[in-house]
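Everything below concerns the one structure shown next.
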Amino acid sequence: MTEAPPKVLPRLDESLLTHLPPFAALSGRQIRDILDQATSRRYRAGVAVFEEGMPAERFYMLLDGYIRVNRMSATGDQVTLHYIPSGEMFGIARAFRLESYPATAMTAVDGIGLSWPMGFWDGFVAQYEGLGVETFRTVGHRLSEKNDRIIELTSQQVQQRVANALLRLINQTGRKVEGGIVIDFPITRRDISEMTATTLHTVSRLLSKWEKDGVLESVRRQIKVRDPHLLTELANPEA
DNA sequence: ACATTAATTATGT
DNA sequence: ACATAATTAATGT
């Protein structure tokens, strides 16, 4: 479900973008121009920013929150592909000459995003040095991560895949707290099972076991990794 | 070494 | 109360 009314926030400060890699190389004036053309919008947790197959009308910069990217499988199940942290661009279909969004973008938590009409994309990358370069960087990074996961899926057992998925989550979206690192947004056993090509039951069993072993703590969509090193060992097929 | 099925128990609105 | 999450055991491939 897509949310209807775009609420424009009162004031868009340039400091919103200056420290973000895609805009870091730009002058204050350039950032001002970009911001003046942007629409800012708050999103509640659990809503779709855009959906798979919809005409790709806008592209986005996530200022706060996390985006969960899903795609529909052939059997009709939603599959979680990955999470996007704040500070990254998403929905940049135009960069790949796509007419429609290849996946659904759901908010994992309350968040704030900027967006621009997709028609601005080509002009932006032509006009603003570094935007295209940084986009290549993030896309390349995501691709190499995908490659890693293909290797995992074809060569590793379930425990290792789940352990690797958790490691990625805490590395990319982890927040340090007393006694460990928590995944910064609510995540279910089902979400993890979708990312690792297994069932929620197997994930549940693994997490229960690891909780007993002191690797992590987990209550209700919240996971705290207490011992990342142990998890790293579990992720490596040693024997 | 896993999935599936089903029953049961939390937990959040 | 009702829906969603999570656990656990039993059974199957």
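Convention: sequence-line order gives letters A, B, ...; per-chain numbering from 1. Values below: every heavy atom of this structure, side chains too, minus hydrogens, waters and symmetry copies.
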Separation of atom CZ in R189(A) from atom P in dT8(C), rounded to whole Å: 11 Å
Side-chain touch R41(A)/Y43(A), heavy atoms, less than 4.5 angstrom: yes
Could you point out which residue of Q30(A), E134(A), M89(A) forms a side-chain contact (heavy atoms from CB on, under 4.5 Å) with F23(A)? M89(A)
Close approaches to DNA chain C from residues 215-226 of chain A, in residue order (heavy atom, under 4.0 Å): R220(A), R221(A)
Using a strict threshold of under 4.0 Å (side-chain N to carboxylate O), is an ion pair present between E152(A) and R168(A)? yes
Under 30°, 30 to 60°, or over 60°: which ring-plane class applies to F50(A) and Y60(A), parallel, tilted or perpendicular? tilted
Whole Å only: how far is the CD atom of Q160(A) from the P atom of dA1(B)? 10 Å
Classify the ring geometry of F124(A) against W116(A): parallel below 30°, tilted from 30° to 60°, perpendicular beyond 60°. perpendicular
Flag if over 12 foreign heavy atoms under 6.0 Å of CZ, R190(A): no
Identify whether the distance between the nearest side-chain nitrogen and carboxylate oxygen of R175(A) and D184(A) falls below 4.0 Å. yes
Sort me out a list of protein N/O and nucleotides 2-4 of chain B N/O pairs below 3.5 Å, or just none if empty.
unit_1: dC2(B); atom_1: OP1; unit_2: V158(A); atom_2: N; d: 3.1
unit_1: dC2(B); atom_1: OP2; unit_2: Q159(A); atom_2: OE1; d: 2.6
unit_1: dA3(B); atom_1: OP1; unit_2: T198(A); atom_2: OG1; d: 2.9
unit_1: dA3(B); atom_1: OP2; unit_2: T198(A); atom_2: OG1; d: 2.9
unit_1: dA3(B); atom_1: OP2; unit_2: T202(A); atom_2: OG1; d: 2.5
unit_1: dT4(B); atom_1: O4; unit_2: R205(A); atom_2: NH2; d: 3.3

Using a 4.0 Å heavy-atom cut-off, does S204(A) contact any base of the nucleic acid, only the sugar-phosphate backbone, or nothing at all? base
If you take any heavy atom closer than 4.0 Å to DNA chain C, which residues from residues 177-186 of chain A end up in contact? none
Just the rounded figure in Å: distance from P of dA10(B) to CD of E211(A). 14 Å
